[in-house]
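Just so we're on the same page: letters track the sequence lines, and every chain starts at 1.
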Protein chains: 2
Amino acid sequence: MSIEAVAREAGVSVATVSRVFNAPDLVRPPTREKVEKVALRLGYRANASAQTLRTQRSKVIGVVLPTLLNPVFAECPEGIAATAAEHGYSIIPVTTSYRLADEEAAVARLAARSVDGMVLVVANPAASPALKRLRAAKVPYVLAYNRHAKHPCVSVDHEAAVADVVHRLVARGHRRIAMVSGQLSASDRAQQRHRGFVRGLGECGLSAGTLLEVPFMEHAVQHLTEFLRGPARPTALFCSNDLLAIRTVRAAWQMGLRVPADLSVVGFDGIELGPDLTPSLGTVVQPNREIGIQCVRLLAGAMAAGRPLVPKASLTPDHSFRDGESPGPPPAS
Amino acid sequence: MSIEAVAREAGVSVATVSRVFNAPDLVRPPTREKVEKVALRLGYRANASAQTLRTQRSKVIGVVLPTLLNPVFAECPEGIAATAAEHGYSIIPVTTSYRLADEEAAVARLAARSVDGMVLVVANPAASPALKRLRAAKVPYVLAYNRHAKHPCVSVDHEAAVADVVHRLVARGHRRIAMVSGQLSASDRAQQRHRGFVRGLGECGLSAGTLLEVPFMEHAVQHLTEFLRGPARPTALFCSNDLLAIRTVRAAWQMGLRVPADLSVVGFDGIELGPDLTPSLGTVVQPNREIGIQCVRLLAGAMAAGRPLVPKASLTPDHSFRDGESPGPPPAS
DNA sequence: CTGTTAGCGCATTCAC
DNA sequence: GTGAATGCGCTAACAG
């Protein structure tokens, strides 16, 4: 089904058929209708490759994510896709499994597809070869969840959010608060959240809390169990993300600790599943869909203007809290 | 960065550059190396649109899914992407939000992108206009999770799996077993699972169990709570999918029922999060990644042969069980 | 082994 | 308002 077949069948030139779809006003109504009818009958759809090649614009936004297995990163594209569609764009999501080399490969492949813009969640903007290339290629892009002065970003203020959550725990009476995180060095988000943890404790006049790094999610429960068996068990655990928090609840439960009676647990992310868990998950809520939406809004502006986004365009949507049932007051002890 | 720029810079023709990437053996090593060096220096990547337009093959597999918010459908693409990559294909995932019209639109858009094949999870193969068009277009495709005699499918035998799970519950001593499901009419999977439920009960000599249809996931907990308050509360609940099972556990807990002491809950899907929940989720495990892998294997064969897949090619990977902690013996009463 | 060239399907001048 | 013609970047004959 090519444009030529439609043209022939409708007794017009290919130019007219093209206009019917791209600039209908330039075509006399009777002609237009005739073409539309034929196109419909033949099931004609313009070939995207040809269009992209010809116009040098694909009307596609590339989306680079660590994984879709973490609900956070599955929720965000919902907002991206919806808003992209409003602006006439489709999206192509690509996952990197947190691998740096994959980030670069993903960017290269999307560039080869002539995407008009990209939304990416990278491990660490400061050390990302992918971003360097993107910038050089003058492809408009925004980072989501990352925060970095040299790049356009859309993300909550992780540090402030975690400092806030520490205050809330302290307000509830907690004094021994520990943090659980994935490998800090692997992600700027983890680092920023940890800074917020330290700052929050400091602001509350508490000494530096323990940080438990769990490099591999698969062994999280095991590590946590060992940790909770250790001396001076904390009364509250702040977990750097919701998946970790879920596993923390499990680890606690496995060793006979009740949540929140014996141990308070708070996560970070605000995944939609949180409220449906038992106990429902207390967490710092990021507006995941909204983040996606704002990314695309920024991008749409840049793409329309035909120039890359600047770091100053960065947005900081507000975080919020879901108390949930997993945090409570510390045990009387 | 076009092939021509590389050719000029390397002092060869565009054909030679093309060969360096597509048929390196046809190029004399010195020439090849020179071209490779120039290409690398210039950061050249072949334009995918031009390649697709010219060769009429995109080396892309389109993936049509209901949503990525359900972990089942996020896990499957992991297998798809990995296997696709092995065969030199990339994937473009598209979500339909369970909307029929979106299925058709997704297929149309992917077709416009000249995808070489498609993997789809549809609401109901029997009533899918999208599939009709696909077939007519002679694009090779496979359905995942769906089962239908007229289409090539890769899916566990939902009916048998659920019948099995009923047997297991009965073996544990349960007699009053109910099923919770989304809207039956919305999905062939739900229907097949329900048939398995009915069959399983029959095989065990039990009378037809209650079916609770929960049309909207958001109200699941509320509906479930009402149901559990009703007369002759079952001792075990089979939930048509894991997300529903998670909410069922919550509903039970909210009204003071302990799982599994007061109520056994079993899900279906085998999402990876299941074992990390508290209590860990008993469920029928589908090999989600493997399903994706098998889909691509079938597809790769068909695409290589240049002809669509036939229904007979369908595969039925084995299901298994994770006992988990959510099912147990019925209360002594 | 390498170069020349046609054309994939389309949008876009430029004529008319 | 419409048509003819050009070329986007690339691969695949074909010629040499």
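With salt bridges taken as basic N to acidic carboxylate O contacts below 4.0 Å, none links A:R133 and A:E103.
As rounded to whole Å, 15 Å separates atom P of C:dC10 from atom CZ of B:R113. At whole-Å resolution of the value, CD1 in B:I3 and P in D:dG7 are 19 Å apart. One can place CD of A:E4 at 13 Å from P of D:dA5, the figure rounded to the nearest angstrom. Remark: C1' of D:dC10 and NZ of B:K59 are 16 Å apart, rounded to the nearest angstrom. Residue B:R57 contributes atom CZ, which lies 17 Å from atom P of C:dC8 at whole-angstrom precision. Between the P atom of C:dT2 and the CG atom of B:L26 lies a distance of 10 Å, rounded to the nearest Å. For the pair B:M1 CE and D:dC8 C1', the interatomic distance rounds to 15 Å; values are reported in whole Å. As rounded to whole Å, 10 Å separates atom P of C:dT2 from atom CZ of B:R32.
A:T52 OG1 to B:N47 CG: the interatomic distance, rounded to the nearest 0.5 Å, is 8.5 Å. Atom CD in A:E9 sits 12.5 Å away from atom CD in A:E4 (nearest 0.5 Å).
Below the 3.5 angstrom threshold, one finds a donor paired with an acceptor across the side chain of A:R19 and the base of D:dG3.
In this structure, the nucleotide among D:dG1, D:dG3, C:dG3 sitting nearest to the side chain of B:S13 is C:dG3. Checking D:dG3, C:dG9, C:dT2 against the side-chain heavy atoms of A:V12 singles out D:dG3 as nearest. Minimum atom distance to the side chain of B:S2 is reached by D:dC10, of the listed C:dC10, D:dG3, D:dC10. Side-chain atoms of A:Q56 lie closest to D:dC8 of the nucleotides D:dG3, C:dT2, D:dC8. Looking at the side chain of A:T55, the nearest of the listed nucleotides D:dA12, C:dT12, C:dC1 is C:dT12. With C:dT12, D:dC10, C:dT2 as the choices, the nucleotide that has an atom nearest any side-chain atom of A:S18 turns out to be C:dT12. In this structure, the nucleotide among D:dG3, C:dT2, C:dC10 sitting nearest to the side chain of A:A15 is D:dG3. When each of C:dC1, C:dG9, D:dT2 is scored by its nearest atom to the side-chain atoms of A:V27, the top-ranked nucleotide is D:dT2. Which of D:dT2, C:dC10, C:dT5 sits closest to the side chain of B:V14 comes down to C:dT5. Considering only the side chain of A:A50, C:dG9 comes nearest among D:dT2, C:dG9, D:dC10.
A:V17 comes within 4.0 angstrom of nothing in the nucleic acid, heavy atoms only.
Listed pair A:T16 / D:dT2 fails the phosphate criterion, with no side-chain N or O lying under 4.0 Å from OP1 or OP2.
Between A:N288 and A:F73, every side-chain heavy-atom pair lies at or beyond the 4.5 Å cut-off. Looking at A:V64 and A:M118, their side chains come closer than 4.5 Å, going by heavy atoms from C-beta outward.
Across the interface with DNA chain D, nearest-nucleotide mapping of B:Y44 and A:T31 shows A:T31 to be the residue nearer the 5′ end.
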Stepwise salt bridge (Lys or Arg N to Asp or Glu O under 4.0 Å) check, B:E36 with B:R41
CA-CA 8 Å; B:E36 280 168 345; B:R41 177 157 57 78; over 6 Å; no

